[in-house]
Amino acid sequence: MELDVLERQEKEYSFLKQSDDFYISLFNKVYKALSSDAYLTEENRQELLFIAKGLEIYSIQSTRENFFGVNYAENMLYASSIYYLTDYFTTSSILARMFETEDYESEIDRFIHAFLINNRNIRNPYMDRLNDFLESGDKQILISIIKLIDERLKTSDPYKYVQLLLAKRLIEKFSENNIWNSLTRANPAINWKDFVLHKLESSWVLFPSQEAALKKGILINDNSFSIQMPTSSGKTSLCEIVIYNEIVYKKRKVLLLAPYRALASELKYAFTKKFRNLGLTVKAIYGGHTPTKEEKVEMENVDLLICTPEKFMAIENYIPNLHETFSTVICDEGHLLDDEHRGLNYELLLAKFKNSSTQEKKYIYLSAIIPNIATINSWLGGDENTLIKSDYRPTNLTYGFLIEQGDNKNKYFNLKLYSQKNGLEKSLINKFLSVKEDYKYKKSSTGKINTYKYKTYKTRAISVALRSLNNGVVAVFTPQKGENGVKGLAEEIINQISLLNFPKPLDFSKTEELENLIIYIEQVFGKDYILTKSVENGFVIHHGDLPQFVREVIENSIRKKIVPLIVCTNTLAEGVNLPIKTLVLHTIKRFNSSLKIMEPIRKRDIKNIIGRAGRAGQETEGLVISVNPSEYSYIQEVISDDQIEPVRGYLYQIINEITNELKEDRLLITNELIDEQSEEFKRLIDSIDKSIIDSLYEESTPDNISDILENLINKTYSYFQSDYNNKLTLEHIFKLRGEVLSPYLKRNEIGILKQSDSTVRIYEDIKGVINLGDDFWQNTSLPFTDETIGYLLDIIYSLNHLEFDFEQFHQENDINLTKGLLKKVILNWIEGEWYGDISNKTNVEVEDVLKIMLFIESNIVPVLSKIVTIAKIELQKQGIIISKDLEDLGLFIQYGINSRINLILIELGFSERMGILFVGNWIKNNFSTLNLNDKDTIEMILRENKIEIIEYLKETVPLISLDAFRSNLRYI
DNA sequence: CGAAAATAAATGTGTTGTACGACAG
DNA sequence: ACACATTTATTTTCG
């Protein structure tokens with residue numbers, strides 16, 4: 001019914017004709033379970049879940065019209081309660097929330113409903129008592145409620161009996177898992193009242209996964225803990241408890257390492273408000289902004305610091321050994337240790353902590369499922385008693401596999417369904433897709449009926465996605481961006497909705513908001529780009545070539561359900577949580593260039609992506625559908641956590657490779673040998689160098705550098721896992737690199753390396769190319785012109801270091817990126833043009849413009865900043881100061897602006913470029929007499945002209961920009 | 001009946017995600 | 001290694 005394929009089912013569903021019989025039998029089973037405690041056992045729990053699903057359809061809006069004779073509201077109490085009793089608390093509450101407490105008449109019904117949706121605001125003998133309990137935690141009160149119910153059960157009329165029994169079971173369950181009970185049991189020494197009173201607003205119980213962690217003694221024990229649980233199983237909420245406990249009870253300060261900006265910002269948002277009311281101080285710093293003086297003071301006094309690992313390393317450079325203030329460290333998304341670009345830093349940061357002379361820290365390592373978490377745990381100082389594993393998920397996931405059936409005369413596709421918790425339970429949706437019914441269309445040029453080409457997986461994935469639209473928000477995952485990935489799928493959608501009769505995304509979108517989205521996207525990308533065409537058809541796409549601010553707009557459109565369909569790559573797994581009901585896996589294979597084969601992506605990543613379906617608190621369940629039979633067994637393995645890749649740490653992988661190479665060639669590695677290796681290998685060594693540079697502190701000298709490095713190495717996860725040979729390689733390489741860096745230490749050049757974020761190689765490269773005698777350095781300031789950019793690009797093009805990057809860019813993209821083109825793109829960009837305009841002016845496709853922009857952002861800008869920083873420091877020695885404008889050059893290019901006012905707006909927290917550009921101009925035109933290079937002046941202008949600015953923006957920019965600017969303006 | 005559509009088999013072409021930093025004396 | 005598009009030859013379908 002939900003997928004609108006009922007009438008094509010071959011099987012007769014007798015219960016549809018005898019729905020009252022079916023209902024009675026379901027109800028009977030519920031009653032039996034409740035009256036015999038049978039629901040408490042694991043097996044019966046599975047069955048109860050199916051019963052709940054059965055009851056559910058008699059109450060939810062999309063299906064209940066098909067039945068009659070059932071009191072929707074009353075029945076929902078049963079369905080919802082069963083979800084509650086089987087630990088699906090969020091599902092329970094979503095279902096119950098489909099009705100109001102006022103919809104119920106009897107005292108007991110109102111109580112049950114209010115209980116299920118955490119509504120404390122009704123007056124009622126049961127709820128009054130429950131309220132007393134919630135505020136005091138006095139167990140006796142719960143006992144008294146049960147007594148009260150028992151009394152009434154004896155005298156109750158038959159119509160109330162089941163409800164009373166239900167209430168009794170709910171309260172019995174609640175006596176066990178309520179937050180008071182769990183917390184005081186986990187740490188009786190602390191008064192939880194303040195915390196609980198705060199927590200009550202969101203939840204009254206803990207998830208089994210959280211319970212498991214508490215039972216292991218995480219609040220009492222000072223050892224390190226490792227926690228492995230699926231996405232969205234209440235990690236944040238568990239952290240909240242642990243952090244509160246550490247600060248209030250253990251009197252420790254907590255450092256929370258969150259490796260993505262989006263994550264850090266999410267956590268900041270989640271914690272700041274709650275903890276402030278509890279009298280704890282929270283600070284979050286990540287990406288982009290450099291902390292002010294006051295903030296630095298705050299950082300040392302704050303109770304909880306939320307930080308990206310890189311940012312924390314940066315801070316440690318000006319607050320040496322800041323980490324000693326924090327005796328508890330929480331490592332979120334711990335599997336990042338494996339990351340090719342960032343794992344090394346993360347590992348060395350932790351090694352540095354472990355190497356500290358102060359007391360051993362308590363580490364809490366949070367991660368998705370990895371088989372060797374025990375190794376990591378013992379590296380961090382934990383043991384088997386401090387290892388917490390849970391596979392609890394607050395929403396149930398169902399997996400669907402599309403099965404091809406029939407011959408050419410009558411071809412159709414069934415959907416085979418497996419429930420997550422019970423691999424054996426299969427069900428089948430017949431003719432989920434059918435060639436006869438779904439793929440026939442009339443060709444207008446001939447007037448004949450044609451069959452749509454349904455054989456490709458693209459077609460199938462999209463058809464499945466469109467078919468699922470009735471059921472809620474759909475995401476289509478694909479690991480590639482181009483024709484065989486996001487772009488191809490988007491085109492396929494447009495094609496299918498124009499020819500076939502599937503549900504159309506436009507019919508599920510919010511027209512007015514969508515209009516605004518279309519206007520905005522068209523302004524940014526022009527009419528021809530695939531994203532523009534997508535939004536016009538009521539869906540969106542999402543991948544890493546899209547600039548960050550656009551991704552946010554897109555995520556928002558899904559979050560607010562402005563559009564019901566998104567096609568995306570891994571960005572989905574990395575980004576923030578979205579309310580996705582159905583996830584369609586187009587394919588999970590990606591081309592591996594070195595092996596020249598298509599290869600499945602990591603199971604760990606698939607697991608992460610799959611976990612995005614059925615967001616707790618938003619959906620009652622999730623559905624994951626795979627359409628490619630050659631991948632089914634691999635996905636089955638992912639579902640059953642079979643052979644998930646271990647986390648070794650990136651450093652370990654390199655070292656292991658090097659050791660093996662050396663063994664084969666019987667070589668002894670030397671710095672000369674390193675210099676002879678490929679650029680790829682040297683960049684690997686560069687990353688080691690950089691981590692070394694970053695972890696050198698003030699007290700480092702040429703004499704003790706090898707000691708410092710050796711101590712550091714000994715504490716790494718790589719060393720911990722290594723065998724004798726690997727240990728030798730590891731020590732040897734770090735020693736070698738120490739030798740390379742030692743002269744720079746001697747010459748006091750480590751500072752300049754750090755400040756310019758350079759490795760030795762690029763530093764020497766730049767020094768060899770730039771001519772500090774040129775007037776350029778002294779004469780350049782805003783606005784940047786053709787000549788400015790030209791001069792710098794000349795330098796860029798003469799660097800050896802970037803040749804490799806250009807080569808790679810050309811290998812990966814079919815774009816001839818000449819110096820002229822690059823200059824034109826940069827100039828247009830800083831002059832305020834958008835991707836669509838730049839595409840028109842340069843005759844380059846929008847998608848290629850995006851790729852060029854990405855190259856500029858990630859390859860050109862960092863090098864430009866290094867060049868400018870190195871020049872600045874060198875010139876300073878001669879007493880020459882370069883302009884502030886030139887110093888900030890990287891920012892101007894990065895943000896695509898060419899005036900100081902705009903940069904100030906960004907510093908003031910404005911993030912949406914269109915608004916920034918227009919308001920910047922408006923200020924320039926209206927306040928030319930003031931000093932517009934001054935932050936305070938700009939702030940003053942903004943504060944005093946809020947209304948005028950909004951009025952002006954209303955006339956000039958799309959509503960989305962206006963809204964973004966307005967919400968930033970609120971904080972001025 | 002004849003054009004259009006479907007089928008089958010052979011050949012050719014293209015394939016590559018995501019992410020964080022940017023600093024003192 | 002694989003998905004998909006294109007080409008070609010042949011058969012089937014339908015207005």
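The structure presented is a predicted model; accordingly, all values stated were derived computationally and were not measured. The sequence lines fix the lettering, A, B, ..., with proteins before strands; numbering per chain opens at 1.
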Student: Has A:His586 got a side-chain N or O lying under 4.0 Å from the OP1 or OP2 atom of C:dC4?
Tutor: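 For C:dC4, OP1/OP2 do have a side-chain N/O of A:His586 under 4.0 Å.
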Student: How long is the line joining NZ of A:Lys487 and C1' of B:dG17, in whole Å?
Tutor: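 After rounding, the reported distance stands at 18 Å.
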Student: With side chain to side chain contact (heavy atoms under 4.5 Å, CB included) as the criterion, how do A:Leu336 and A:Tyr650 come out once you've worked through the C-alpha distance, each side chain's angles and the decisive distance to 0.1 Å?
Tutor: CA-CA 9 Å; A:Leu336 204 89; A:Tyr650 185 60; over 6 Å; no
Student: Using whole Å, what does the distance between atom C1' of nucleotide C:dC4 and atom CZ of A:Arg460 come to?
Tutor: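 Distance, rounded to whole Å: 12 Å.
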Student: Quick check on C:dC2: is either OP1 or OP2 less than 4.0 Å from any side-chain nitrogen or oxygen of A:Asn592?
Tutor: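 It does not, given that no N or O in the side chain of A:Asn592 lies less than 4.0 Å from OP1 or OP2 of C:dC2.
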Student: Where the side chain of A:Lys589 is concerned, which of C:dC4, C:dC2, B:dG21 is the nearest nucleotide?
Tutor: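 Taking heavy atoms from C-beta onward, the closest nucleotide is C:dC2.
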Student: With sequence neighbours left out, write down each residue that passes side-chain hydrogen bond (donor to acceptor under 3.5 Å, both in side chains) with A:Asp888, or none if nothing qualifies.
Tutor: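 Residues passing side-chain hydrogen bond (donor to acceptor under 3.5 Å, both in side chains) with A:Asp888: A:Lys884, A:Arg900.
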Student: Nearest to the side chain of A:Thr456, which nucleotide is it out of B:dC20, B:dA22, C:dA5?
Tutor: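 Nearest to the side chain of A:Thr456 among the choices is C:dA5.
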Student: A:Asp686 has an atom CG; how far is it from atom P of B:dC20, in whole Å?
Tutor: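 Distance check: A:Asp686 CG to B:dC20 P gives 21 Å.
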Student: Where along nucleotides 1-11 of chain B does protein come under 4.0 Å, by heavy atom, of base (B) or sugar-phosphate alone (S), with - for untouched nucleotides?
Tutor: --BSSSSS---
Student: Kindly say whether A:Pro600 contributes a backbone atom to a donor-acceptor pair with the side chain of A:Arg590 at under 3.5 angstrom?
Tutor: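 Flag not set: sc A:Arg590 to bb A:Pro600 has no pair under 3.5 Å.
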Student: Quick one: which of C:dA5, C:dA3, B:dC20 gets closest to the side chain of A:Tyr260?
Tutor: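 The listed nucleotide nearest to A:Tyr260's side chain is B:dC20.
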Student: Over how many whole Å does the gap from A:Lys442 atom NZ to C:dC14 atom P extend?
Tutor: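 One finds 14 Å between P of C:dC14 and NZ of A:Lys442, rounded.
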Student: Kindly say whether A:Ser434 contributes a backbone atom to a donor-acceptor pair with the side chain of A:Asp438 at under 3.5 angstrom?
Tutor: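 Yes.
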Student: For A:Leu891 and B:dA22, give me the distance from atom CG to atom P, rounded to whole Å.
Tutor: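 Value for this atom pair: 11 Å.
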Student: Would you indicate which nucleotide in B:dT18, B:dA22, B:dC20 comes nearest to any side-chain atom of A:Lys311?
Tutor: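 Selected nucleotide: B:dA22.
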Student: In plain terms, say whether A:Lys411 and A:Glu404 are close enough for a salt bridge, that is, a side-chain N and a carboxylate O under 4.0 Å apart.
Tutor: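 Yes, this pair counts.
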Student: Using side-chain heavy atoms (C-beta onward) and a distance below 4.5 Å, is A:Val627 in contact with A:Phe413?
Tutor: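 The answer is no, as the side chains (C-beta and beyond) never meet within the 4.5 Å cut-off.
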Student: Enumerate all atom pairs, one protein N or O and one N or O from nucleotides 13-15 of chain B, separated by less than 3.5 Å.
Tutor:
residue, atom, partner, partner atom, Å
B:dT15, O3', A:Gln480, NE2, 3.3

Student: Which part of the nucleic acid, if any, lies within contact of A:Ser865, taking any heavy atom under 4.0 Å across all strands shown: a base, the sugar-phosphate backbone alone, or nothing?
Tutor: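 Nothing, no nucleic acid heavy atom in range.
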Student: Without swapping roles, check the side chain of A:Lys607 against the backbone of A:Val638 for a donor-acceptor pair under 3.5 Å.
Tutor: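 Yes, because the side chain of A:Lys607 sits within donor-acceptor range (under 3.5 Å) of the backbone of A:Val638.
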Student: Given B:dG17, C:dC4, B:dC20, identify the nucleotide with an atom nearest to the side chain of A:Tyr457.
Tutor: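 Comparing B:dG17, C:dC4, B:dC20 against the side chain of A:Tyr457, the answer is C:dC4.
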Student: Between A:Asp689 and A:Arg761, is there a side-chain N and carboxylate O pair less than 4.0 Å apart?
Tutor: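 Here A:Asp689 does not pair with A:Arg761 in a salt bridge, since their nearest N and O are not under 4.0 Å apart.
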Student: Whole Å only: how far is the CG atom of A:Leu348 from the C1' atom of B:dG21?
Tutor: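 The answer, rounded to whole Å, is 15 Å.
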Student: What's the CD1-P distance between A:Ile285 and B:dC23, to the nearest Å?
Tutor: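 Value for this atom pair: 13 Å.
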Student: Describe the nucleic acid contact of A:His542 in one word from base, sugar-phosphate, nothing, applying a heavy-atom distance below 4.0 Å.
Tutor: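 Contact class for A:His542: none.
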Student: Using side-chain heavy atoms (C-beta onward) and a distance below 4.5 Å, is A:Ile530 in contact with A:Glu847?
Tutor: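 No, their side chains stay 4.5 Å or more apart.
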Student: Tell me which of A:Met313 and A:Lys851 sits closer to the 5' end of DNA chain B, going by the nucleotide each one is nearest to.
Tutor: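 Counting from the 5' end, the first nearest nucleotide belongs to A:Lys851.
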Student: For A:Arg551 and B:dA19, is the shortest distance between a side-chain N/O and OP1 or OP2 below 4.0 Å?
Tutor: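 Looking at the OP1 and OP2 atoms of B:dA19, one of them is under 4.0 Å from a side-chain N or O of A:Arg551.
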Student: If you pin A:Gly482 and A:Glu310 to their nearest nucleotides in DNA chain B, which one's is more 5'?
Tutor: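 So the residue in question is A:Gly482.
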Student: Taking only side-chain N and O atoms of A:Thr308, does any of them lie within less than 4.0 angstrom of OP1 or OP2 on B:dG21?
Tutor: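 Yes, because at least one side-chain N or O of A:Thr308 sits under 4.0 Å from OP1 or OP2 of B:dG21.
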Student: Indicate, with a heavy-atom threshold strictly under 4.0 Å, whether A:Pro862 touches base, sugar-phosphate, or nothing.
Tutor: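 If one applies the 4.0 Å heavy-atom cut-off, A:Pro862 turns out to touch a base.
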Student: So what does A:Asn608 hit on the nucleic acid, given a heavy-atom distance under 4.0 Å: a base, only sugar-phosphate, or nothing?
Tutor: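 No contact at all - A:Asn608 keeps every heavy atom at 4.0 Å or more from the nucleic acid.
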Student: Can you tell me how far CD1 of A:Ile462 sits from CG of A:Leu500, rounded to the nearest 0.5 angstrom?
Tutor: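 Answer rounded to 0.5 Å: 12.0 Å.
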Student: Can you measure A:Asp339 atom CG to B:dG17 atom C1' for me and round it to whole angstrom units?
Tutor: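 Rounded to the whole Å, the gap is 11 Å.
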Student: Of the nucleotides C:dC4, B:dG17, B:dC20, which one has an atom closest to the side chain of A:Lys458?
Tutor: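 The listed nucleotide nearest to A:Lys458's side chain is C:dC4.
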Student: Determine yes or no for a side-chain-to-main-chain donor-acceptor pair under 3.5 angstrom, with A:His586 supplying the side chain and A:Gly485 the backbone.
Tutor: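 Answer holds: no.
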Student: A:Lys481 near the nucleic acid: base, sugar-phosphate alone, or nothing, with a heavy-atom cut-off under 4.0 Å?
Tutor: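 Counting heavy atoms under 4.0 Å across all strands, the contact made by A:Lys481 is with sugar-phosphate only.
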Student: Under 4.0 Å from OP1 or OP2 of B:dT18: is there any side-chain N or O of A:Thr569 that close?
Tutor: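 For B:dT18, OP1/OP2 do have a side-chain N/O of A:Thr569 under 4.0 Å.
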